[in-house]
> 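If you scroll down you'll find the structure; I have some questions about it.
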Number of protein chains: 2
Amino acid sequence: MIKLNGNTYQFSAEIFFEMFDDRLKLMIIWYLSNGSMRFKELSNYLQPITNKTLSSKLKQLEELHLIKREVFAEVPPRVEYTLSAHGQQLKPVIDEVVAWSQHYAKTFGQTINEE
Amino acid sequence: MIKLNGNTYQFSAEIFFEMFDDRLKLMIIWYLSNGSMRFKELSNYLQPITNKTLSSKLKQLEELHLIKREVFAEVPPRVEYTLSAHGQQLKPVIDEVVAWSQHYAKTFGQTINEE
DNA sequence: ATCATTAGTATATTTTAGTAAACTATAGTA
DNA sequence: TACTATAGTTTACTAAAATATACTAATGAT
């Protein structure tokens, strides 16, 4: 039995399942796994998404200690999002997700314009 | 670019993200990874969950070719759910999820009544 | 003076997912 | 006769999540 933020879990994996209860948060981790990104950049990749939704997801990920938010004192503003140490430790999960997806796509989908 | 069920994806991983856009479907895979289970059994593990929700999630997983549904001609009815080959190939993903979660729980949570 | 840019916030509206509760068929049991 | 069990379905409702749209501050460019 695990206690975390007032919640109790039978199995540790349930923590992951609750964290990534939408497709967006894990996708953001996935995009950030290749380096830092700015708000607008992430937004472009995740289209269609509204500022409000992206903003709230990033805030959640920060509260979960999975990403870091760095503000630069510039105009127009610049904010960079980067994986934290715990976020980076999700890399093996991401790698297996990619491997599985490729296999699945090979079986059920059709690849066009590969490069 | 990948085509699958009328949708197009830039990256194969997006297929996974769309499949597991809720916490329930991957959790079901996780429970089934130790063998087959009946409807009620899954329902008990996933409480609180309604019949309608569980039923729809199982239907989705079946359509995605990730689980198999076996009906036995008995009264009261017996239906067993089992991972398909593609479902079983999610095992490495699950394993990494478990490993990461344990590490995360060790850092931010507190384990009580471990055994 | 006005436009463009970034990283959001604010407000109102719509969509979606999930819930609760009742119901089905079939056979065995009290 | 009524109750139990299983594996759902059906209906009506609600709460949560996402959307569209407009807005802000500060600066440089046109």
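This one's a predicted model, so the numbers in the text were calculated from it and none came from an experiment. Below, chain A is the first sequence line, B the second, and so on; all start at residue 1.
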> Could you give the CG-to-C1' distance, from B:D21 to D:dA17, as a whole number of Å?
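Whole-Å distance recorded here is 12 Å.
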> Take the protein atom CG of A:D22 and the nucleotide atom P of C:dG18, then report the distance between them rounded to whole Å.
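For the pair A:D22 CG and C:dG18 P, the rounded distance is 12 Å.
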> Starting at NZ of B:K25 and ending at C1' of C:dG18, how long is that distance when rounded to a whole Å?
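After rounding, the reported distance stands at 13 Å.
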> Calculate the interatomic distance between A:N44 atom CG and C:dA7 atom P; express it in whole Å.
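Result: 10 Å.
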> Calculate the interatomic distance between B:F72 atom CZ and D:dA5 atom C1'; express it in whole Å.
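It is 17 Å, rounded to the nearest whole Å.
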> Around atom CZ of A:F108, are there more than 12 heavy atoms of other residues, nucleotides or ligands at under 6.0 Å?
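Counting neighbours around CZ of A:F108, more than 12 heavy atoms of other residues, nucleotides or ligands fall under 6.0 Å, so yes.
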> Rounded off to whole Å, could you give me the CD-to-C1' distance for the B:E74 and C:dA25 pair?
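From B:E74 CD to C:dA25 C1': 15 Å.
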> Any N or O donor-acceptor pair linking the side chain of A:K52 to the base of D:dT19 at under 3.5 Å?
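Check passes, donor-acceptor contact within cut-off.
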> Does one side chain, of B:Q88 or B:S84, offer a donor that lies under 3.5 Å from an acceptor on the other?
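No, because no side-chain N or O of B:Q88 sits under 3.5 Å from a partner of the opposite role on B:S84.
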> Side chains of A:T53 and A:S56: is there a donor and an acceptor less than 3.5 Å apart?
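Absent: no donor and acceptor within the cut-off.
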> Around atom CZ of A:R78, are there more than 12 heavy atoms from other residues, nucleotides or ligands closer than 6.0 Å?
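More than 12 heavy atoms, drawn from other residues, nucleotides or ligands, come within 6.0 Å of this atom.
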> Using a cut-off of strictly less than 4.0 Å, decide whether A:S56 has a side-chain nitrogen or oxygen near OP1 or OP2 of D:dA18.
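So the side-chain polar atoms of A:S56 never come under 4.0 Å of the phosphate oxygens OP1 or OP2 of D:dA18.
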> Can you say whether the rings of A:H86 and B:H103 are parallel (under 30°), tilted (30 to 60°) or perpendicular (over 60°)?
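Ring orientation, 0 to 90° scale: tilted.
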> Atom CG of B:L54 and atom C1' of C:dA17: how far apart are they, to the nearest Å?
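The distance from CG of B:L54 to C1' of C:dA17 comes to 15 Å, rounded to the nearest Å.
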> Is a salt bridge present between B:R23 and A:D22, judged by a nitrogen-to-oxygen distance below 4.0 Å?
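No, B:R23 and A:D22 are not salt-bridged.
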> Hey, what are the protein-to-nucleotides 28-30 of chain D N/O distances that come in under 3.5 Å?
none

> Using a cut-off of under 3.5 Å, enumerate the N/O to N/O pairs linking the protein to nucleotides 6-8 of chain D.
residue : atom : partner : partner atom : Å
D:dT6   : OP2  : B:K40   : NZ           : 3.3
D:dT6   : O3'  : B:R38   : NH2          : 3.1
D:dT6   : O3'  : B:P77   : O            : 2.8
D:dA7   : OP1  : B:R38   : NE           : 2.8
D:dA7   : OP1  : B:R38   : NH2          : 3.1
D:dA7   : OP1  : B:V79   : N            : 3.2
D:dA7   : OP2  : B:K40   : N            : 3.1
D:dG8   : OP1  : B:R69   : NE           : 3.4
D:dG8   : OP1  : B:R69   : NH2          : 2.4
D:dG8   : OP2  : B:Y81   : OH           : 2.4
D:dG8   : N7   : B:N51   : ND2          : 2.8
D:dG8   : O6   : B:N51   : ND2          : 3.4

> Please check: side-chain N/O of B:K68 versus main-chain N/O of B:Y81, any donor-acceptor pairing under 3.5 Å?
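Not a single qualifying donor-acceptor pair exists.
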> In whole Å, I'd like the distance from the CD1 atom of A:I49 to the P atom of C:dG8.
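One finds 13 Å between P of C:dG8 and CD1 of A:I49, rounded.
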> Establish, from distance only, whether the side-chain atoms of B:Y9 and B:E18 form a donor-acceptor pair under 3.5 Å.
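On atom types as modelled, these side chains qualify, holding a pair under 3.5 Å.
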> Kindly state each residue pair satisfying salt bridge (charged side-chain N to carboxylate O under 4.0 Å, His left out) with at least one member in residues 92-101 of chain B, sequence neighbours excluded.
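For residues 92-101 of chain B: B:K91-B:D95.
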